[in-house]
Amino acid sequence: MLADMTAMEIAGQIVALVSLGFCIAGFASTRDDRLMLLLIGANVAFALQYALFQSWTAAALTVLVILRIHLAQRFQGNVAVMLGMLAVSGVAAVLTWQSWIDLFPMTAMVLGTVGMFMLRGIPMRLFLAGAGLAWMGNNIAIGSVGATLAEALVVVTNFVTILRLQRMRRRYPDVELP
């Protein structure tokens, strides 16, 4: 398999593994602000990886994910900003569309955008898990082993964190938790 890959695809696999560390650290955190910061680092690596695989819709939308993280932190709950982000994402997808595979990054972008702008805590993580599954489908379709592994571990870590948050809520019902 490795012998059949181009140098750019091998580099993409390596960059995807770098993003894995950022993702796991982020989704293991029960603090939303730390999660968002680590997701920025992961998405820089993912965008580079998608460019190396010449998956242009995924690369463009991943760059927009970085912007979305900043905007969602600053404009939490702002429907107009969220809709603007979705519109820009739609334009980027139309301009870079290559095949049906690009439905995966579009689905991930919609779920992640709604989750980050409109939700917090467990509901946000459920939407981000759905986005992770969509990204995993994209990574399988383009042949990125490193990114598929990264997203699979992100989804699992995300669900473990959801369980931790649920336990914390039961244990400390009077304390406001994410």
**Request:** Check Phe104 against Ala141 and note the closest heavy-atom contact, atom names and distance.
**Result:** CE1-CB, 4.5 Å
**Message:** Is there a path of hydrophobic side-chain contacts, each under 4.5 Å between heavy atoms, that joins Trp56 and Phe46?
**Reply:** no
**Prompt:** Between Asp33 and Leu37, does a side-chain contact (heavy atoms from CB on, under 4.5 Å) hold up when you go through it step by step?
**Reply:** CA-CA 6 Å; Asp33 57 337; Leu37 182 64; over 6 Å; no
**Request:** Find out if a path of hydrophobic residues (ILVMFWY) with successive side-chain heavy-atom gaps under 4.5 Å connects Met8 to Ile101.
**Result:** no
**Request:** Mind listing the closest non-hydrogen atom pair of Met5 and Glu9 along with its distance?
**Result:** CA-OE1, 3.3 Å
**Item:** Heavy-atom pair of closest approach, residues Val110 and Leu86
**Value:** CA-CD2, 3.9 Å
**Message:** I'd like to know whether Gln54 forms a side-chain contact (heavy atoms from CB on, under 4.5 Å) with Ile142, so could you lay out the CA-CA distance, the side-chain angles of the two residues, the decisive distance to 0.1 Å, and finally the verdict.
**Reply:** CA-CA 9 Å; Gln54 297 179 14; Ile142 68 170; over 6 Å; no
**Item:** Ser19 versus Gln49, side-chain donor and acceptor atoms under 3.5 Å
**Value:** no
**Asked** In terms of hydrophobic clusters joined by side-chain contacts under 4.5 Å, are Val94 and Leu83 together?
**Response** no
**Prompt:** Would a hydrophobic clustering, with Ile, Leu, Val, Met, Phe, Trp and Tyr connected at side-chain separations under 4.5 Å, put Leu52 with Ile14?
**Reply:** no
**Message:** Quick one, Phe22 with Asn43, criterion side-chain contact (heavy atoms from CB on, under 4.5 Å). Give me CA distance, side-chain angles, the key distance, then yes/no.
**Reply:** CA-CA 9 Å; Phe22 283 109; Asn43 280 293; over 6 Å; no
**Request:** Could you check if a side-chain atom of Met168 sits within less than 4.5 angstrom of a side-chain atom of Arg171, using non-hydrogen atoms only?
**Result:** no
**Item:** Any Val81 side-chain heavy atom under 4.5 Å of Arg74 side chain
**Value:** no
**Request:** Mind listing the closest non-hydrogen atom pair of Ala42 and Cys23 along with its distance?
**Result:** CB-SG, 3.5 Å
**Fill in**
Closest heavy-atom pair, Met85 versus Met109, reported as atoms and distance to 0.1 Å, is CE-CE, 3.9 Å
**Complete:** All heavy atoms of Ala16 vs all of Ser144, minimum pair found to be CB-OG, 4.2 Å
**Item:** Set of residues satisfying side-chain hydrogen bond (donor to acceptor under 3.5 Å, both in side chains) with respect to Asn139, sequence neighbours excluded
**Value:** Tyr50
**Prompt:** If two hydrophobic side chains count as joined below 4.5 Å and joins carry through other members, does Leu128 share a cluster with Val44?
**Reply:** yes
